[in-house]
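In what follows, a structure is listed as structure tokens, so that the remarks can point back to it.
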Amino acid sequence: MAEAFVDMERYFVNHLEENSNARKLCGQTWCEMREYADIWMEVLQEQIEHDRCKTRKCCMKMNGSVYSGTAGLAMLDIFLAKTFEMADCDREQLLLRAAGHLECSLKKLKKCRMSFLAGDAGPLAITIVLYSDMVANGCNCECMVAKYLKQLLAFKEEATLPYLDTASEVVCGRAGYLWSLLYINQHYPNLIDPDIITDVVIAIVRAGKPCNGCLRKHLMYKWRGKDLLGAAHGLFGIIYVLLKAKNYWPLDEVLERELDPLNPNRYKKLTCEEKCELQKYMFCPETTMSVCNENVQEWVLETLHFLTTQIFASGNTLPSLGSGADKFVNWAHGGSGAVYTFIEAHKIFRHPHFLTAAVNCGECIWGRGLVKKGYGLTDGVAGNAYALMALFKHTKVETFLHGYYH
């Protein structure tokens, strides 16, 4: 446990009793809970309708990203259309509006960022899923799916070849690209070739491995020169996406091979001479091919064990290595982002200390999650509420549902 000064100026004190009304809330029938959801759905729809004309004008000024632009609006419309019961005409209206938002996004692709949240891959992945839905419903849109799939896969070389300046984090890097591929295959399995996903997994793991002479046994990545740990730009986010890609982790014999830099679509065994010749392509000039013999599971597990040591006494997680400031309780840099990583780790490996770490993060969120920065998902209260809901779904502990509700 790391000791640190807790910055109390960043959040409102939570005066609610931890278990007040928890049983009353959880004792409601699903029909009653559904009524609440329907009411909020109506409120949301009214707000969207009220802002429709203004939103249409703003769309031309907004960026096209999922994170803060029109692709994010499209993703919301698609989610609402697929999640809630509504008339077919209302569902069609939502999907048409999503298509309009995506049209704005596709006009603003910059062809320079490959991630889901802040790059081109996100709008492309959502568009591919939307057109695939239309194909499944009988529309003749196969050519559109193929067109945008080709654009998305054009980023594969950047994501898999060991360029020194390619980031691996979630918001702008390789992990974000991996999430885009997983998003598509979640909706339409094998639309993305599994070997492509495996190649990206291998590239992310290799990018975080230590150089020769380095004693650390876990993965680590730098973002703008810093060893960040938060979900947005650091280790927690990268490991979470690798865990979600568990079904695509390579076999040991694949990890013992290197990508041929002259043809990244093929694997080949390397001779000693070739290893020396290809040294310049590696992530670190001092790295040799021998670090590729361990499997992905060992590297991920060692990194998870390391992350359980990067926790303040409050239960919150360090934003970066060696940080002494316990001030970020949010998804981007704090425990709210770490919750998902520890939960996913517990699902896969069943180690109890991963669950303990997740619960400790949740208790910190309950106490300090009413942050003053805002209500957003990345840095605000909504993101903290989502983390509590994730904990409730995994543990069935009513306190977390109560915290999410309030």
Side-chain angles (χ1 to χ4, degrees), residues 64-67 70-83 91-92 94-96 98-103 105-107 109 111 113-161 168 170 173-205 238 240-251 254 259 263-267 296 344:
S65 72
V66 175
Y67 181 67
T70 48
L73 295 175
M75 196 172 183
L76 172 62
D77 285 336
I78 294 171
F79 171 79
L80 294 175
K82 290 187 174 185
T83 304
R91 194 181 314 279
E92 183 178 350
L94 280 171
L95 294 176
L96 285 174
H101 290 323
L102 288 170
E103 184 179 354
S105 295
L106 296 173
K107 290 178 180 178
L109 296 182
K111 300 180 180 179
R113 274 189 178 178
M114 58 182 169
S115 72
F116 185 85
L117 287 175
D120 291 1
L124 288 170
I126 297 168
T127 302
I128 290 166
V129 170
L130 182 61
Y131 276 114
S132 297
D133 288 342
M134 296 170 67
V135 170
N137 290 323
C139 295
N140 186 21
C141 300
E142 290 89 348
C143 59
M144 302 302 291
V145 174
K147 173 185 175 181
Y148 294 118
L149 199 56
K150 182 179 179 180
Q151 291 185 40
L152 178 66
L153 295 181
F155 287 105
K156 187 209 170 202
E157 180 176 351
E158 180 184 354
T160 54
L161 286 183
S168 293
V170 169
R174 290 187 180 93
Y177 184 65
L178 176 56
W179 187 263
S180 303
L181 304 181
L182 295 174
Y183 175 80
I184 293 173
N185 274 14
Q186 177 188 359
H187 291 84
Y188 291 94
N190 298 322
L191 186 57
I192 302 294
D193 185 344
D195 288 342
I196 294 177
I197 300 179
T198 298
D199 288 348
V200 180
V201 168
I202 292 173
I204 292 173
V205 172
I238 296 170
Y240 174 71
V241 179
L242 287 176
L243 290 170
K244 297 299 288 186
K246 174 71 166 63
N247 292 337
Y248 301 94
W249 288 359
L251 300 175
V254 177
L259 282 173
N263 184 358
N265 296 317
R266 289 193 294 112
Y267 285 107
V296 170
E344 198 65 27

remark   = Note: Met114 and Gly173 closest approach over all heavy atoms is CE-C, 3.9 Å

Side chains of residues 240-251: which donor-acceptor pairs under 3.5 Å do they make with residues two or more places apart or in other chains?
| residue | atom | partner | partner atom | Å |
| --- | --- | --- | --- | --- |
| Tyr248 | OH | Asn185 | ND2 | 3.2 |
| Trp249 | NE1 | Leu242 | O | 2.8 |

task = Any chance you could measure Trp179, atom CH2, to Gln186, atom CD, to the nearest 0.5 Å?
result = 7.0 Å

query = Does any non-hydrogen side-chain atom of Tyr131 lie less than 4.5 Å from one of Thr127?
reply = yes

request  = Output yes when a side-chain donor or acceptor of Arg174 lies under 3.5 Å from a complementary backbone atom of Ile204, and no otherwise.
outcome  = no

ask   = Are any of the side-chain heavy atoms of Leu117 and Ser65 separated by less than 4.5 Å?
value = no

query = Taking only residues two or more places apart in sequence, or in another chain, which ones meet Ser105 in a side chain to side chain donor-acceptor pair (under 3.5 Å)?
reply = Thr70

ask   = Are the side chains of Val135 and Asn140 in touch, meaning some heavy atoms are under 4.5 Å apart?
value = no

message = To check you understand the geometry: which heavy-atom pair defines the closest contact between Pro123 and Leu102, and what is its length?
response = O-CD2, 3.9 Å

request  = Dump the intermediate steps for side chain to side chain contact (heavy atoms under 4.5 Å, CB included) on Leu149 and Ile192, then the final yes or no.
outcome  = CA-CA 9 Å; Leu149 199 56; Ile192 302 294; 3.4 Å; yes

query = Does Ser115 reach the side chain of Tyr177, with side-chain heavy atoms less than 4.5 Å apart?
reply = no

inquiry  = Could you tell me if the side chain of Asp77 sits less than 4.5 Å from the side chain of Leu96, heavy atoms only?
reply    = no

Nearest-0.5 Å distance that lies between atom NE2 in His101 and atom CD1 in Ile78 = 10.0 Å

task = Indicate the atoms forming the closest heavy-atom contact of Leu130 with Ala98, along with that distance.
result = CD2-C, 4.5 Å

ask   = In terms of heavy-atom contacts, does OH of Tyr148 have more than 12 from other residues, nucleotides or ligands at under 6.0 Å?
value = yes

message = To check you understand the geometry: which heavy-atom pair defines the closest contact between Ser180 and Gly122, and what is its length?
response = OG-N, 4.0 Å

request  = Measure the CG-CE distance between Leu80 and Met75 for me, rounded to the nearest 0.5 Å.
outcome  = 11.5 Å

key: Exercise: identify the closest heavy-atom pair between Cys141 and Met134   = SG-CE, 3.8 Å

task = Report the residue from Ile238, Ile196, Val200 that forms a side chain to side chain contact (heavy atoms under 4.5 Å, CB included) with Leu178.
result = Val200

task = Check step by step if side chain to side chain contact (heavy atoms under 4.5 Å, CB included) holds for Gln151 and Leu109.
result = CA-CA 10 Å; Gln151 291 185 40; Leu109 296 182; 3.8 Å; yes

Residue pairs involving residues 114-140 (criterion salt bridge (Lys or Arg N to Asp or Glu O under 4.0 Å); sequence neighbours excluded) = Lys82-Asp133

key: Listed partners of Tyr183 passing ring-ring contact (aromatic ring centres under 6.0 Å, His included), at least two apart   = Phe116, His187

query = Out of curiosity, Glu142 CD to Ser132 OG, how far, rounded to the nearest 0.5 Å?
reply = 9.5 Å

query = Between Ile128 and Leu152, which heavy-atom pair has the shortest distance, and what is it?
reply = CD1-CD2, 3.9 Å

message = Going by salt bridge (Lys or Arg N to Asp or Glu O under 4.0 Å), name the pairs with one or both residues in residues 144-153, residues two or more places apart or in two chains.
response = none

Residue pairs passing the salt bridge (Lys or Arg N to Asp or Glu O under 4.0 Å) test where at least one lies in residues 182-193, sequence neighbours excluded = none

